[in-house]
Each structure stands twice: as structure tokens, then as C-alpha cells.
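Comments concern the structure below.
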Protein chains: 2
Amino acid sequence: MVAHAHLSDADLDRLFRALADTTRRDIVARLLAKGAEPASVSTIAARYEMSFAAVQKHVAVLEEAGLVTKQPKGRERIVRGNPERLAQARALLARLEGLWRARFSQLDAVLAEPRTPKEKS
Amino acid sequence: MVAHAHLSDADLDRLFRALADTTRRDIVARLLAKGAEPASVSTIAARYEMSFAAVQKHVAVLEEAGLVTKQPKGRERIVRGNPERLAQARALLARLEGLWRARFSQLDAVLAEPRTPKEKS
DNA sequence: GGCATGTGCAACCATTCGGTTGTACGTTAT
DNA sequence: ATAACGTACAACCGAATGGTTGCACATGCC
């Protein structure tokens, strides 16, 4: 499975860049939302006040970031959310937090030394 | 505690924007890394080939995003990582994935149906 | 066929970004 | 006091962003 293939720096740049826009986060959220179904680009565009082309470009950015896939269906393109990429982004953040916690357990040892041995983790 | 205060759209824009750069992710990673200690701006800058001013601006971006804090100490500014913000970013991604999973449980019900529901929307 | 719809793409524009160099200023060291 | 260090900030530059309008083209409907 391709699931755990970790992303290049450029991939991560694109991923977080794609998430760094309120409109794009909203598009992703609505695609993933409970009652929501995959929607065509124009259906998505109808929700926002900007031009169709602007929304189309947002979707393109999301697609390049891998957060979304586009599937041709007749004359329209059906857009689906891809939670896999979300998970990968989350994994990176978790890894960073993990580094932090590892650092802390080491710090705890130092702080715990002079006095109460409390508990060893 | 301020832990669960959820961030504004602008805050999230800044947060993910800050993470959307390899150099900045590297800075955060090194600040959080196991053996690492809080470092001055120039110490951090020494690790990269770009100018000091460039790194200083990266740190400023990280600080505005809340991923890092700067504390004056003599003539230098000590930079520390802030895992709290990391956790908040992760929480948003988790929430989006949560939406997805909720959607799936509904979809599962549909798929588990003996035959395709004829109701066309 | 002819027309409306859905999409993509190019050109353009203002703003922001990531980088540079240079300057100013407070702090530390000699 | 003077020099060196650490930081901040401004001005500038090329490239990328986020938006616009307009046009081309394929598909679906009469």
C-alpha cells in the first residue's frame, strides 16, 4: 500500500500551502462533511462569492497537493476529498510533537533527579 | 488553560502558511528535537546557507504563527518551540478526518443495503 | 444543427513571499 | 572607549499568490 510512503519536502510544502487558505480548507471540509457528496467544480464554486475561475484554481491547488481527486464524469469533473493526505499531514505534526515529548522525558529525568524519584517512564 | 481555545481562520492561515516551508519546518523540528535546547536566532541561522536576515524573517513568521516564542536574554533572543500550536493544527486535521469517518459510517449503511436504493437525488 | 453548460487555460493585475544588502542600535567584551 | 556581536528593520528584487476577465473546447439538451 502506498499509505506510508512519506512525502518529500516539496510535497509537504504543497500540502501545507494548500491548507493555508480559508476557502480551500472550507472546500475540503465540505467535501468531507457528513451529509456531503462528491461535487462538481461548478457546484462547489456556487458556494463562494468569487468567480468560477478562482474556485477552479483553488481546486487545482488542492488536487496538486493530493488533498482532492478529480474524476471526469460527462462534461463535469467530480471532486472527492482524500483523507489519506490529511492523515499524512497529521502524521508529520504528530512526529514533531513526538520529538517534543521525547525531549521532555529526558528533561523529566534531570528534574526528577535531585529529589523525589516519583515515577520512571 | 488556553489549550482548547480554537483559532480563527486568519490564525489557521498563518499557522499552515508557516508550516508550508521546508526551512521553517526544519527550524521547528530542530528546536523540538531530543538533544536540542532553545537556541538564539544567530545560532539557528548558522545552520542554514541563507543570510542571517532571511532566517530571522523565518523565525518571525514562526513567531507570528505561534509555533515559536522569543525570549530576550542579554543581547540575544532565545527561541523556543511551542508544541501547543502543533497540537492545535493536528486537532484541526483530526477534526476533518473525523468528518470523513462520520460520512463513511453513513455510506457503509448504504453499501450494506441489499440493493441500490432507487431513490435518486 | 444550434445553444447552453462545465471546464480549462491564458493574460493580466495587485499583493505577498523569500531572498538579498545595508544600516541602526543595544549589549558584551577588550 | 572602542570594537565586536546579536538583532531588528528598511529598501529592493524576482517569483509566486489570489483574484479578475475573456476565450476555447467538449459535452449534453432541444
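Across all strands shown, A:Lys70 has heavy atoms under 4.0 Å from sugar-phosphate atoms exclusively, and none from any base. The residue A:Ser42 sits close only to the backbone: its heavy atoms come under 4.0 Å of sugar-phosphate atoms, none of a base. Counting non-hydrogen atoms under 4.0 angstrom, B:Ala60 reaches nothing in the nucleic acid. Residue-level contact check: A:Gln56 touches the bases, meaning some heavy atom is under 4.0 Å from a base atom. Using a 4.0 Å heavy-atom cutoff across all strands shown, B:Thr23 reaches no nucleic acid atom at all.
Look at CD on B:Glu63: it is 12 Å from C1' on D:dA8, rounded to the nearest Å. Protein atom CG of B:Asp13 is 15 Å distant from nucleotide atom C1' of C:dC17, rounded to whole Å. Computed from coordinates, the B:Met50 CE to D:dG14 P distance equals 20 Å when rounded to whole Å. Remark: P of C:dG18 and OH of B:Tyr48 are 15 Å apart, rounded to the nearest angstrom. Rounded to a whole Å, the CZ atom of A:Arg25 is 12 Å from the P atom of D:dG18. The CZ-P distance, from B:Arg14 to C:dT16, rounds to 13 Å in whole Å. In this structure, CG of B:Leu19 is placed 17 Å from C1' of C:dG18, rounded to the nearest angstrom. D:dT17 atom P lies 13 Å from atom CG of A:Leu62, rounded to whole Å.
When distances run from any side-chain atom of A:Lys57 to the nucleotides C:dG8, C:dT21, D:dG18, the shortest one goes to D:dG18. Of the candidate nucleotides D:dT27, D:dG6, C:dT20, C:dT20 has the atom nearest to the side chain of B:Ala53. For B:Ala54, counting side-chain heavy atoms from C-beta on, the closest listed nucleotide (C:dT28, C:dT20, D:dT7) is C:dT20. The nucleotide whose nearest atom lies closest to any side-chain atom of B:Arg75 is, among D:dT27, C:dG19, C:dT28, C:dT28.
For A:Gly74 and A:Asp21, each mapped to the nucleotide of DNA chain D holding its nearest heavy atom, the one lying further toward the 5' end belongs to A:Asp21. The residue among B:Phe52 and A:Val61 whose nearest nucleotide of DNA chain D lies closer to the 5′ end is B:Phe52.
A donor and an acceptor atom, one from each side chain of A:Gln71 and A:Arg80, are located under 3.5 Å apart. At a cut-off of 3.5 Å, with distance as the only test, no side-chain donor of A:Asp26 or A:Thr23 sits close to an acceptor on the other residue.
OP1 or OP2 of D:dG19 has at least one side-chain nitrogen or oxygen of A:His58 nearer than 4.0 Å. A:Arg17 has a side-chain polar atom (N or O) that falls below the 4.0 Å cut-off from OP1 or OP2 of D:dG18. Considering only side-chain N and O atoms, A:Arg24 lies under 4.0 angstrom from the phosphate OP1 or OP2 of D:dG18. The phosphate of C:dT20 (OP1 or OP2) has a side-chain N or O of B:Ser51 nearer than 4.0 angstrom.
Among all heavy-atom pairs drawn from A:Ala18 and A:Leu67, the shortest one is CB-CD1, 4.0 Å.
Between A:Asp13 and B:Arg25 there is a salt bridge, since a side-chain N of the basic residue sits under 4.0 Å from a carboxylate O of the acidic one. Between B:Arg14 and B:Glu64 there is no salt bridge, since none of the side-chain N atoms of the basic residue sits less than 4.0 Å from a carboxylate O of the acidic one.
In this structure a side-chain-to-backbone donor-acceptor pair under 3.5 Å is present from B:Asn82 to B:Gly66.
Residue-to-nucleotide contacts include no donor-acceptor pair under 3.5 Å from the side chain of A:Arg77 to the base of C:dT7.
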